[in-house]
Amino acid sequence: ADKKTEKPTEKKTEKRTEKKTEKQTEKPITFNVRFASYNIYHAEKAGYDYSKIAKNITDNGIEIAGFQEVDNNVNRSNKKAQIKEIANKTGYQYYKFFKAIDLQGGGYGLGIVSKYPIESTNLIKLSSGSAEQRILAHAVINVNGTKINFFVTHLSYDGEGGGSSRSKQFSEIANELAKYDNFVLSGDSLIIKVLSIG
């Protein structure tokens, strides 16, 4: 009688253990992040009122934003570090300015403001026309333990550099993005998300 009761008890325990293991391994990593891209035109159209830009970010629940046409300690914008000003107004503590060119005693380029820690950054120079050096900015952002490669850029305008600059820039950006399994690319009126995490 003892042998008969032992066998089914052992089998039930094994099946339960297997089912638990299957559920644990199948559980995916999921998270939601709101991204945005802003061409702020050195904040002139906002009347250099950084709280207006910050309000748009917070009202829309934006957590990571890329910026184009940003001044940093430039005379025309009263020597303000614009990305720092925007970050302070949002209450987000993580930000980074990327200089494309020198301008009026300061710098002009791109920026990132993030609700989450920026772990590292780098800047890639792109082929450019004679008017302005164009760049691709990259930040590794830690979103609750998941690392995202966030990029921001501002491509040449049509016709700059004989009309060939933009196609070269697309190619250079594509080559850079190919190095990463996951990324978010933001630009002037552009957001491309390719996330493959977990």
Side-chain angles (χ1 to χ4, degrees), residues 33-43 53 57 62-74 77 80-87 90 92-143 146-197:
V33 181
R34 297 201 78 178
F35 302 95
S37 182
Y38 293 87
N39 184 324
I40 61 169
Y41 192 66
H42 57 271
I53 301 169
I57 293 167
I62 305 304
E63 296 166 283
I64 301 172
F67 296 84
Q68 304 87 43
E69 300 196 28
V70 179
D71 281 356
N72 192 63
N73 300 317
V74 173
S77 49
K80 295 289 185 181
Q82 292 188 324
I83 286 298
K84 183 179 179 181
E85 293 286 336
I86 294 166
T90 59
Y92 297 173
Q93 55 184 307
Y94 307 103
Y95 59 90
K96 176 69 176 175
F97 169 74
F98 300 84
K99 185 172 75 171
I101 60 169
D102 294 321
L103 183 67
Q104 297 179 10
Y108 172 79
L110 308 174
I112 294 171
V113 170
S114 174
K115 191 176 182 179
Y116 303 98
I118 297 174
E119 292 196 346
S120 63
T121 61
N122 66 300
L123 182 154
I124 301 100
K125 288 187 176 181
L126 302 174
S127 296
S128 304
S130 56
E132 183 183 323
Q133 173 65 54
R134 303 292 174 161
I135 60 173
L136 176 68
H138 173 215
V140 177
I141 300 175
N142 190 325
V143 181
T146 300
K147 294 182 182 181
I148 293 174
N149 294 290
F150 184 79
F151 293 86
V152 57
T153 193
H154 189 196
L155 301 180
S156 296
Y157 55 84
D158 287 339
E160 183 183 348
S164 61
S165 295
R166 193 174 268 198
S167 60
K168 286 180 183 176
Q169 289 160 8
F170 273 123
S171 178
E172 290 165 353
I173 290 169
N175 288 339
E176 187 65 28
L177 297 179
K179 299 174 184 177
Y180 301 93
D181 292 330
N182 77 76
F183 65 83
V184 176
L185 171 63
S186 67
D188 198 345
S189 305
L190 165 73
I191 292 185
I192 297 172
K193 291 185 285 184
V194 177
L195 296 177
S196 177
I197 300 169

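Keep in mind that this is a model prediction, so the values were computed, not measured.
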Ser37 side chain to Gly187 main-chain N or O, any donor-acceptor pair under 3.5 Å? yes

Side-chain donor or acceptor of Thr153 paired with backbone N/O of Ile135 under 3.5 Å: yes

Go through the structure and list residues passing salt bridge (Lys or Arg N to Asp or Glu O under 4.0 Å) with Lys96, not counting sequence neighbours. none

Are the side chains of Leu136 and Leu185 in contact, using a 4.5 Å heavy-atom criterion? yes

Is the shortest heavy-atom distance from the side chain of Ile112 to the side chain of Ile83 under 4.5 Å? no

Checking Glu69 side chain against Asn39 main chain: does a donor-acceptor pair fall under 3.5 Å? no

Output, in order, the C-alpha distance, side-chain angles, deciding distance and verdict of side chain to side chain contact (heavy atoms under 4.5 Å, CB included) for Tyr38 and Ile86. CA-CA 12 Å; Tyr38 293 87; Ile86 294 166; over 6 Å; no

Donor-acceptor pair, distance only, cut-off 3.5 Å: does the side chain of Arg34 make one with the backbone of Glu63? no

Testing the basics here: between Ile53 and Phe67, what is the closest heavy-atom pair and its distance to 0.1 Å? CG2-CE2, 4.1 Å

Could you walk me through whether Asp188 and Leu155 pass the side chain to side chain contact (heavy atoms under 4.5 Å, CB included) check? CA-CA 8 Å; Asp188 198 345; Leu155 301 180; over 6 Å; no

With side chains defined as the heavy atoms from C-beta onward, is the minimum distance between Phe35 and Ile148 less than 4.5 Å? yes

Just to verify, what does Glu176 make a salt bridge (Lys or Arg N to Asp or Glu O under 4.0 Å) with, not counting sequence neighbours? Lys179

Other residues, nucleotides and ligands only: do more than 12 of their heavy atoms fall within 6.0 Å of OH on Tyr180? yes

For Tyr94, enumerate each residue passing the side chain to side chain contact (heavy atoms under 4.5 Å, CB included) test, keeping only those at least two apart in sequence or located in another chain. Ser114, Pro117, Ile118

Could you check Val140, Asn142, Ile141 and say which one makes a side chain to side chain contact (heavy atoms under 4.5 Å, CB included) with Ser120? Val140

